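Here is the structure we will look at.
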2 protein chains.
Amino acid sequence: MRIGELAQKSGVSRDTIRFYERNGLITSTVGDSETNSYRNYKEDCLVWLQFFAGAREAGMSVADLRSIVEATAESCDRDVARAVIQHKIEELKERANQIVDVVQFLEKTLSGPK
Amino acid sequence: MRIGELAQKSGVSRDTIRFYERNGLITSTVGDSETNSYRNYKEDCLVWLQFFAGAREAGMSVADLRSIVEATAESCDRDVARAVIQHKIEELKERANQIVDVVQFLEKTLSGPK
DNA sequence: CTAAACCATGAACAATGGTCTATTGTTTCT
DNA sequence: AGAAACAATAGACCATTGTTCATGGTTTAG
């Protein structure tokens, strides 16, 4: 599929998709047309992009995402991938705890000072 | 207390403290010394800074923090403050859910593709 | 056919959140 | 007294995460 369709389906803008691609989060191939150089995106780009959107909101950096993408690449050692992802999961869980703390502080602030 | 002590106690660097101050997250007064213009920070700056550190990690922006600080200011309407903070709490909880989703995706990735 | 919509590429621009440097003055330790 | 540590201020600098722009070509709908 082409970038426009991908953008529309994923809810990620063309520009951001290109940005992600420049940063190695997704890849595309140049189509086989003789007349244009439009790029072609596979289905799994869509899956990734949807994941990226949530992951960015959850606070993961582009670099984090790249490391996950790279880890899950075909070429990569399954155990390495497992370790990388497990590590990210731990980080995220810690972040979730952090949020709980912050919420508690805020709720205390609400009820606290008079 | 002076900025160095505050930095050391809060774990937030001097530069960052000054940055936060420039951005209205904390305030200080110029001490009453005749010879210097060292700034003076009160105890509650320390409390705030500790909160800021956690809140930033949890994904709140400096602007978010400022709105909370402003809302809790003496001058401010209690109900407005309540609303602002309640709103931030909702946002944080949603972020926490987002994290859960991302973790699920990652765990699925771990067990999923062989 | 032709205007509107789409695409590629590269570079510039922007906001956020700091961090570092330069300069100058103050305090404190020995 | 003199060195080391601390402080204030202003401005430069940096990475991250996009967005916008300029340019030029392609496709598609009417």
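Because the structure is predicted, anything quoted here is derived from the model rather than measured. Each chain gets a letter, A, B and so on, in the order the sequences are listed, and its residues count up from 1.
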side-chain contact (heavy atoms from CB on, under 4.5 Å) with Phe19(B): which of Asn23(B), Ile17(B), Asp15(B)? Asn23(B)
dA8(C) phosphate, OP1 or OP2, under 4.0 Å from Arg18(A) side-chain N/O: yes
Looking across every strand, which nucleic acid part, if any, lies under 4.0 Å from Asn36(A) by heavy atom: base, sugar-phosphate, or nothing? sugar-phosphate
With nearest nucleotide decided by heavy atoms, which residue, Asp15(B) or Gly4(B), maps closer to the 5′ end of DNA chain D? Gly4(B)
Any side-chain N or O of Ser13(A) less than 4.0 Å from the OP1 or OP2 oxygen of dT19(D)? yes
With respect to Ile99(A), which candidate in Asn97(A), Asp101(A), Val102(A), Val103(A) satisfies the side-chain contact (heavy atoms from CB on, under 4.5 Å) definition? Val103(A)
Using atom CD of Glu34(A) as one end and atom P of dT27(D) as the other, report the distance to the nearest whole Å. 11 Å
Below 4.0 Å: OP1/OP2 of dT27(C) and any side-chain N or O of Thr35(B): yes
To the nearest Å, give me how far apart OH (Tyr20(A)) and C1' (dG18(D)) are. 8 Å
Nearest-Å distance for atom pair CG/C1', residues Leu25(B) and dG18(C): 13 Å
For dT9(D), does OP1 or OP2 lie under 4.0 Å from any side-chain N or O of Arg22(B)? no
Does Arg56(A) make a side-chain N or O approach to OP1 or OP2 of dG18(D) shorter than 4.0 Å? yes
Using whole Å, report how far CZ of Arg66(A) lies from C1' of dA15(D). 13 Å
Heavy-atom count around Glu94(B) CD within 6.0 Å, excluding the residue itself: above 12? no
For atom CZ of Phe19(A) and atom P of dA11(C), their distance in whole Å: 16 Å
Distance, rounded to the nearest Å, where Met60(A) contributes CE and dT17(D) contributes P: 11 Å
Atom CD of Glu5(B) and atom C1' of dT28(C): how far apart are they, to the nearest Å? 15 Å
Expected output: side-chain Asn40(B) to main-chain Val30(B) donor-acceptor under 3.5 Å: no
Result for 5'-nearest mapping on DNA chain C, choosing between Thr16(B) and Arg2(B), is Thr16(B)
Heavy-atom closest pair (Arg95(A) atom, Glu57(B) atom, distance to 0.1 Å) is NH1-O, 2.8 Å
How is Phe52(B) classified with respect to the nucleic acid when contacts are heavy atoms under 4.0 Å: base, sugar-phosphate, or nothing? nothing
Between Ser33(B) and dT26(C), is there a side-chain N or O to OP1/OP2 distance below 4.0 Å? no
Nearest whole Å is fine: how far is dG18(C) P from Leu65(B) CG? 9 Å
For the side chain of Tyr38(B) and the base of dG25(C), is some donor closer than 3.5 Å to an acceptor across the two? yes
